[in-house]
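Quick note: residue numbers are just sequence positions, from 1. Remember, it's a predicted structure, so these values are computed and weren't measured experimentally.
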Amino acid sequence: MTDQPQPLSPAPELFTWEFATDPYPAYAWLREHAPVHRTRLPSGVEAWLVTRYADAKQALADGRLSKNPAHHDEPAHAKGKTGIPGERKAELMTHLLNIDPPDHTRLRRLVSKAFTPRRVAEFAPRVRELTDHLIDQFQERGSADLIHEFAFPLPIYAICDLLGVPREDQDDFRDWAGMMIRHGGGPRGGVGRSVKKMRGYLGELIHKKREALPDVAAPGEDLISGLIRASDHGEHLTENEAAAMAFILLFAGFETTVNLIGNGMYALLTHPGQRERLQTSLTAGERALLETGVEELLRYDGPVELATWRFATESVHIGGQDIAPGDPVLVVLAAADRDPARFAQPDTLDLSRRDNQHLGYGHGIHYCLGAPLARLEGQTALATLLTRLPDLQLAGDSADLRWRGGLIMRGLRTLPVEFTPGRQ
């Protein structure tokens, strides 16, 4: 008698609503049996999914995997189905998520000044002000939807302030951004129309700011004014590049933070022991557990499920697979960050985890430029919620929660909570 090999279980079905609720068992199967897996996406585009941590880190830093969609060997049925909906028609393609060096190096250098540790620290009082203001709106009611009333508006208003969008126009941005994160849940063509409106507004705003730009930059000058100033002093930044840069900072900068706050708060509410540890630490005036805790929440159920599109410019060998020139590659950050070959007990939430080099904000030259601001917003939001609303709890059954559709981001549609009403 000899042991017969066990038949391989069929590959799990991907990108269903059931999968969106909890993709981690499917990703565990892929890591073990098909770590670099070719699949047909819901859009009809075929792409490679990279799921192991070591392979993901290699792919994120591999210069042969271009961010430029021009390298996509796309069939006719896949035309325009990669990237952000509506960005092509709105002439917003020349941003950091779609370009390679040397243009990427030039544009990143221009905008990186807005995200230095000093600049982010200067912005901290405004983030605290926004956080308290939003909680004030619902605290006396005793209930709220933390996505729509808190996690969504906080980064919108913060990014608008950073860009220099006047306060009286920021609600328009909130409406456009709300349409953009529905991922098909809104009216047909709504995302494209919102992107087009945003593009038109940004063009007008750049023009107005250029006309009114003072000769000398004031301390804390807004980002759009800084981009215009750099362009006017020989950096050769076109208006399309400036508009695309503002657009992608808004698009990439707000949804990731919406999901960081929403996913993070949901994880804490469903792990009461970890939430109690964090509240005890905050009550004692300590910050260390908050800082490691936000990193763990980014790893455990992060805001970006798949890194944005990459396209092979030549034959590339990853995880035992040969990837042909022109093939799209999607690095599954959510799978890599639960890889047991890299993280001990990866499916366990441990806010004090120290060895935590997660890929939640990417790796390599495309590492998320706004990560310092997102961390500030995430830490401030979670700490303030847990301090001001200490008995915060889910309203209803967690099984009734729904996750937004979409390929790249991972976030809840709603997060209804309840708490003792009144001022704290």
Treating [X] as the side-chain partner and [Y] as the backbone partner, does any N or O pair qualify as donor plus acceptor under 3.5 Å?
X: Arg402; Y: Ala399; value: yes
X: Gln279; Y: Pro390; value: yes
X: Asn263; Y: Asp301; value: yes
X: Arg388; Y: Leu386; value: no
X: Thr270; Y: Ala267; value: yes
X: Ser143; Y: Glu418; value: no
X: Asn68; Y: His71; value: no
X: Lys57; Y: Ala336; value: no
X: Arg119; Y: Ser112; value: no

Within-4.5 Å side-chain heavy-atom neighbours: [X] and [Y]:
X: Tyr157; Y: His133; answer: no
X: Phe419; Y: Leu385; answer: no
X: Leu382; Y: Met265; answer: yes
X: Leu60; Y: His366; answer: no
X: Cys160; Y: Asp169; answer: no
X: Ile318; Y: Ile323; answer: yes
X: Trp309; Y: Val45; answer: yes
X: Val258; Y: Pro155; answer: yes

Measure across [X] and [Y] and return the closest heavy-atom pair with its distance rounded to 0.1 Å.
X: Ala20; Y: Trp403; result: O-CG, 3.8 Å
X: Arg52; Y: Pro35; result: NE-CB, 3.4 Å
X: Gly378; Y: Leu260; result: CA-CD2, 4.0 Å
X: Leu415; Y: Ile147; result: N-CG1, 3.5 Å
X: Pro416; Y: Leu401; result: CD-CD2, 3.6 Å
X: Ala59; Y: Val331; result: CB-CG2, 3.8 Å

Between atom [atom1] of [X] and atom [atom2] of [Y], what is the distance when rounded to the nearest 0.5 Å?
X: Leu373; Y: Phe254; atom1: CG; atom2: CZ; result: 14.0 Å
X: Leu349; Y: Gln274; atom1: CG; atom2: CD; result: 5.0 Å
X: Thr105; Y: Ile99; atom1: OG1; atom2: CD1; result: 8.5 Å
X: Leu268; Y: Leu351; atom1: CG; atom2: CG; result: 6.0 Å
X: Leu289; Y: Thr280; atom1: CG; atom2: OG1; result: 9.5 Å
X: Arg404; Y: Glu255; atom1: CZ; atom2: CD; result: 5.0 Å

Contacts satisfying salt bridge (charged side-chain N to carboxylate O under 4.0 Å, His left out) that involve residues 27-38 (not counting sequence neighbours) are Arg38-Glu46, Arg38-Asp327
Salt bridge (charged side-chain N to carboxylate O under 4.0 Å, His left out) pairs touching residues 266-292, sequence neighbours excluded, are Arg277-Asp350
State whether [X] and [Y] are salt-bridged, where the test is any N-O pair (Lys NZ or Arg NE/NH1/NH2 against Asp/Glu carboxylate O) under 4.0 Å.
X: Arg353; Y: Glu295; result: no
X: Arg106; Y: Asp103; result: yes
X: Asp145; Y: Arg413; result: no
X: Asp161; Y: Arg167; result: yes
X: Asp175; Y: Lys197; result: no

Sorted by chain and residue number, the side-chain contact (heavy atoms from CB on, under 4.5 Å) partners of Ala158 (sequence neighbours excluded) come out as Phe123, Leu130, Glu377
task: Would you please test Lys67 and Asn98 for side chain to side chain contact (heavy atoms under 4.5 Å, CB included) and show each step?
output: CA-CA 5 Å; Lys67 298 293 293 174; Asn98 282 345; 5.7 Å; no
### Task
Classify the ring geometry between Tyr27 and Tyr24 as parallel (under 30°), tilted (30 to 60°) or perpendicular (over 60°).
perpendicular
When Arg299, Gln357, Arg338 are each screened for side chain to side chain contact (heavy atoms under 4.5 Å, CB included) with Phe343, the one that passes is Arg299
So does Gln345 have more than 12 non-hydrogen atoms from other groups sitting under 6.0 Å from CD?
no
Just do the side chain to side chain contact (heavy atoms under 4.5 Å, CB included) check on Phe19 and Glu13 with the steps written out, would you?
-> CA-CA 7 Å; Phe19 168 84; Glu13 190 174 359; over 6 Å; no
>> Between Leu154 and Thr380, is the side chain to side chain contact (heavy atoms under 4.5 Å, CB included) condition met? List the steps.
In response: CA-CA 11 Å; Leu154 173 60; Thr380 304; over 6 Å; no
What's the verdict on side chain to side chain contact (heavy atoms under 4.5 Å, CB included) for Val165 and Leu205, showing C-alpha distance, side-chain angles and the deciding distance?
CA-CA 8 Å; Val165 176; Leu205 183 62; 4.1 Å; yes
